[in-house]
Amino acid sequence: MSVGEHRDRDTFYITTPIYYPDNRLHIGHTYTTVAADVLARYNRMQGRDTYYVTGTDEHGQKIQTAARESGVSPGEFLDEMVEWIKGLWSELGISYDRFIRTTDPDHARVVKKVFSSLYEKGDIYLSKYYGWYCTPCESFWLESKLVEGNCPDCGRGVSWVEEDAYFLKMGKYAQRLLDHIRDNPDFIQPEIRKNEMVSFIKGGLEDLCVSRKKDALQWGISVPFNEDYVIYVWFDAVCNYITAAGYGDPDRAEDFRRYWPADVHLIGKEILRFHCVIWPIMLMALELPLPKRVFGHGWLTIGGEKISKSRGNVVDPLVLADKYGRDAIRYYLVREIPFGADGRYTEAALVDRINVDLANDLGNLLSRVTAMIAKYRDGVVPRRTDGIPSRLESIAAESARSAEVALEAYLLSDAISAIWRLVSAANKYIEESAPWNLKGEQLDAVLYDLAESLRILAVMLWPFMVDAPAEMMRQLGLGDAPSWEEVSWGALQPGTVIARGAPLFPRLDPEEVLEVAVEEDSESEMNPKLEEEVDMIDFEHFSAMDLRTGNVLTAEKIEGADKLLKLTVDIGEAEPRQVVAGIAEHYSPEDLPGHPVVVVANLKPARLFGVESQGMVLSAEGPEGLNLIVPVAEVTAGSKVK
RNA sequence: GGCGGUGUAGCUCAGCUGGUUAGAGCACACGGCUCAUACCCGUGGCGUCGCUGGUUCGAGUCCAGCCACCGCUACCA
C-alpha cells in the first residue's frame, strides 16, 4: 500500500481489547496498549482525527467471584481495579481518548439495543442449550473441543449445562463472511491468522449461545425483554467498539458516522475468533460495516513460555516502568515483537536493548553532538554555507519514508529499524568526518547536519516514546508537539541555541540491575532433567485412573462417522457400558462381540457424533494399525487393572 | 488425522518472482578515534542454509519424500 493512499484518510479509530480486570494486568496487556498508543500518536501527528479506545470488560462470573472473595461488591471491586489500570496507563503515557467500561450506562444501552434488534430480526432466537460450559472462561464448548474433559483454554473443569437460551445465527452469515475476507485481504492480519479463521469458518459455524440464565450468573447485562437472562459476556464485550464510537446515541450520530468502521482492532491472537467471526457476524446482522482490519499480534513470552499466573512468570509492568523508565519499556516492547510472531521477554534482553540502542547509539549521539556544538560553536547551531549536499540528508529521507510506510502498515518493529538506520548513519558520519579535525564552513556543515538529524530523529520517535523525544527537542533548543511533516530535512534554523542536558538514557550495569533476574533466567533455561520430572506422575495420579477389564457385548458402526464404533462393554457392572471407540478402520463390528478389552471406567462421559461414550477402550499402534490391548489370559470382567 | 507455519552464523532473525564470494543486529576478538554515556567507527564467520533425493547451465530460493518443533482444526474417549 502506498503512503499517499493513506494520506487521504482524515480519521483514525483504533482499539485495544477491553481487558478483564479480575486481576492486575501484565506485560502482555501492556504490549497491546503501548502498540496501539504508538499508532494513535503517529496518526495524530499525521493530522488525522484520531480516536483511541481502551477499557475494561467488567461482567461475568470471574468478576463476581473475585469481588466476593475480596468481600466487596462487584462495583467497588471494579472501581479499584480500574483505578489501578488507569494509573498504569498514565504511568506509561497511554494517550487513550476514551476508557470504556462495560458497566458504563451508554454501553449497557447499546448492548441491549443490539440484542433486541437482532432478536426482532430473527437472528437471535430462543432455543435450548445443552453442552459444556467453563465458568471461569465464560465459554461454551462442544464435547469434542474439550481436552481430557476439561476446558481447552484454561484446563479447568467444565460443567454440563442444560437450559433455555438465546442463540445467534452464525451459519446464516458464514458465506458472506468468507466472501468479505476474500475480498478484503487485509481484513485479518497477519496472513497466517487469516488462514486459520478461514478454515475455521469453512469447518462450519454452529449457532452461538449468547445468554446465561440468571440463576447461574447475575453479573451482566440483562436480556432487555427477558429479565431471567443475562447476555453472554463476549457478546457484551465486543459491542464496546461501537458504543465508544457513539452508536445509537442520538447526540453522537456525527461521531459514529465519522469514526465507524474502526481502522483497526488491535488484539492478541488468542481472541481472534471473537473478533474475526462472532463480531463481524454481529455487525453484518446489524447491517453495519465491518472494521477495516483486525490485527492479531503475537505474544510476549517469558523465556519462550506463555505468560500465565500458574507458571508464576507474570511480570508487573509498573515495577518495570519504575525500574527502567516508561520510554525504555515502550521502546523495548515495540522493538522486540516482530510482525505476527511472538517475542520473548527477558530482563537481560531489555537491559541489553537499553544499553545498546538507547544509551550507546541514540543517547550518546545526542550527547556528543550537543557537546561539539557547545565546544566548537558556543552552543549555537551553525549555518551551512559550503553548498555541498549532506550525505545524511538522503539517509534521513529514506529513514523517514521507510518508517512512515511501516507505521501505515502497523509494522512497528520495522519502523524502529528504519529509524535506527539514521541513528547509525549519524554516528558513522561523525567518525568519518572527524569534526575535531575540521574548521570553518566544513565544520559548520557537519554540525548542522548532525543537529538536524537529531531533530528528525526526535520527530520520528515522538509516537514511540513519551519523554525522550521532547528532551531531545529541548536540548536542541526546540519546542514540542511536532507534526509528522517535520521529518523533512532543513527545518532546523541556524542560530538555534542548544541546551546540553543530562544523558538521555544512562547506561545500566547489567550485573547490578540483573542480579536477581539472571538467576531466574538460568533456572528457567531448559533443563531436560527437570522437564522430565514434570511429566512424571506419582502413584496417586495413577491410582486416580480406574482401569478395568471387560468384554465387548455388541458393536456397531456410528452413522456418518468413518472411524467410530459404538460398543457396549461388560465390565462387571449391572448395566453394560456404552463406549465409543475410534477403531472402525481396524476392526469390523462383527468381529468384536466377545473380544476382551481394557476400559478406562472413570473417564468423564463425552458425546461424539451425538453418541454418549462412558469410557474408553485402550489400544496401541502397531505396524499393521491399531490393536486393542487385551489380557493374555482370561480375567474376570470388571477386574481392576493395576 | 487434516490444514497452515517454522527450521539460515553462539543468540534473535532478513533473504521477493532461482543467478556473481549467503546477509543484518547482538555477543566475541583485534585495530582505530577521542566529540561523547569506558562511548563510537573499522576489520574478523571453514555457517553441511533441518535431512534425502530430483528439476536446472545454476537452488536457502522450485518439486517429492522424510524428521523436529509450533499454531489452528478434527470422528484420538
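Any value given below was found using the heavy atoms of this structure, including those in side chains, with hydrogens, waters and symmetry copies removed. Each chain gets a letter, A, B and so on, in the order the sequences are listed, and its residues count up from 1.
- A38(B) makes up no base pair with any nucleotide shown, lacking Watson-Crick or G-U wobble contacts both under 3.5 Å.
- By the 4.0 Å N-to-carboxylate-O rule, E452(A) lies too far from R384(A) to be salt-bridged with it.
- You'll find that the side chain of D361(A) is closest to C40(B), out of G4(B), C40(B), U37(B).
- Of the candidates L461(A), V356(A), N427(A), L362(A) forms a side chain to side chain contact (heavy atoms under 4.5 Å, CB included) with just one, namely L461(A).
- Contact detail for K269(A) and G298(A): the closest heavy-atom pair is CD-CA, 4.5 Å.
- Rounded to the nearest Å, the gap between the C1' atom of U34(B) and that of G42(B) is 15 Å.
- Within 90° of 0 lies the glycosidic angle of G60(B), which makes this nucleotide syn.
- Of the candidate nucleotides U37(B), C41(B), C40(B), C40(B) has the atom nearest to the side chain of N360(A).
- Here E347(A) pairs with K323(A) in a salt bridge; the nearest charged N to carboxylate O distance falls below 4.0 Å.
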Step by step, would you call R401(A) with E398(A) a salt bridge (charged side-chain N to carboxylate O under 4.0 Å, His left out)?
-> CA-CA 5 Å; R401(A) 211 192 68 82; E398(A) 186 281 327; over 6 Å; no

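- A donor N or O paired with an acceptor N or O is found under 3.5 Å between the base of G32(B) and the side-chain atoms of E431(A).
- For E196(A), the side-chain atoms get nearest to C72(B) when compared with the rest of C35(B), C72(B), G4(B).
- Between the CG atom of L272(A) and the C1' atom of G71(B) there is a distance of 11 Å, given to the nearest Å.
- Residue M372(A) is classed as a base contact, given a heavy-atom separation below 4.0 Å to a base.
- Nucleotide U12(B): paired with A24(B) (Watson-Crick or G-U wobble, both distances less than 3.5 Å).
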Summary of protein contacts for nucleotides 7-13 of chain B, nucleotide by nucleotide, where a base hit scores B, a sugar-phosphate-only hit scores S (4.0 Å, heavy atoms) = -------

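- For the P atoms, the distance from A27(B) to C72(B) is 35 Å, rounded to whole Å.
- For G65(B), the paired nucleotide is C51(B), the pair qualifying as Watson-Crick or G-U wobble because both relevant distances are below 3.5 Å.
- Side-chain N or O atoms of D327(A) include one that pairs as donor or acceptor with a backbone N or O of V466(A) at under 3.5 Å.
- In this structure, the separation between CD1 on I419(A) and CD1 on I456(A) is 12.0 Å, given to the nearest 0.5 Å.
- Taking atom CD1 of residue I430(A) and atom C1' of nucleotide U37(B), one finds them 13 Å apart after rounding to whole Å.
- Counted by atom type alone, D179(A) and Q175(A) present one or more donor-acceptor pairs between their side chains at under 3.5 Å.
- The nearest whole Å value for the distance from the NZ atom in K563(A) to the P atom in C76(B) is 7 Å.
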List, one per line, each side-chain donor-acceptor pair under 3.5 Å for residues 437-445 of chain A, sequence neighbours excluded.
unit_1	atom_1	unit_2	atom_2	d
E441(A)	OE1	T385(A)	OG1	3.2
D444(A)	OD1	R377(A)	NE	2.6
D444(A)	OD1	R377(A)	NH2	3.1

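- Atom CG of L454(A) is separated from atom P of C35(B) by 18 Å (rounded to the nearest Å).
- Taking the side chain of R500(A) as heavy atoms from C-beta on, and the options A27(B), A36(B), G32(B), the nearest nucleotide is A36(B).
- Using N1 to N3 plus N6-O4 or O6-N4 for Watson-Crick, or N1-O2 and O6-N3 for G-U wobble, each under 3.5 Å, C76(B) pairs with nothing.
- Only the P atoms considered, G45(B) is 11 Å distant from A24(B), to the nearest whole Å.
- With distances taken from any side-chain atom of W436(A) to the nucleotides G42(B), C33(B), U37(B), the minimum falls on C33(B).
- Look at the P atom in both C13(B) and G19(B): the space between them is 25 Å, to the nearest Å.
- Atom C1' of G15(B) sits at a distance of 13 Å from the matching atom of A59(B), rounded to the whole Å.
- When rounded to the nearest whole Å, the span between CZ of F200(A) and P of G4(B) equals 18 Å.
- The interatomic distance linking K269(A) (NZ) with G5(B) (P) rounds to 16 Å, in whole Å.
- When the nucleotides A27(B), C35(B), C40(B) are ranked by their closest atom to the side chain of D352(A), A27(B) comes out on top.
- Of the two residues near RNA chain B, K375(A) and V579(A), the one whose nearest nucleotide lies more 5' is K375(A).
- Ion pairing between a basic and an acidic side chain is recognised when a charged N comes within 4.0 Å of a carboxylate O; E431(A) and K428(A) show no such pairing.
- For the pair K428(A) NZ and G32(B) P, the interatomic distance rounds to 19 Å; values are reported in whole Å.
- Using a 4.0 Å heavy-atom cutoff across all strands shown, Y376(A) reaches sugar-phosphate atoms only and no base atom.
- N427(A) has its CG atom 5 Å from the P atom of C41(B), to the nearest Å.
- Spacing of C1' atoms, C69(B) relative to C28(B), comes out at 29 Å, to the nearest Å.
- Nucleotide A29(B) has U43(B) as its partner under the Watson-Crick or G-U criteria, with both atom distances under 3.5 Å.
- The partner of A59(B) cannot be assigned: no Watson-Crick or G-U wobble pair with both contacts below 3.5 Å exists in any strand.
- Using a 4.0 Å heavy-atom distance criterion, A371(A) is classed as a sugar-phosphate-only contact.
- Taking a pair to require two hydrogen-bonding distances under 3.5 Å in either a Watson-Crick or a G-U wobble arrangement, G71(B) pairs with C3(B).
- Both Y429(A) and V356(A) lie near RNA chain B, and the one whose nearest nucleotide falls closer to the 5' end is V356(A).
- U43(B) and C35(B): their C1' atoms are spaced 23 Å apart (whole Å).
- Remark: the separation of the C1' atoms in C26(B) and G50(B) is 24 Å, to the nearest Å.
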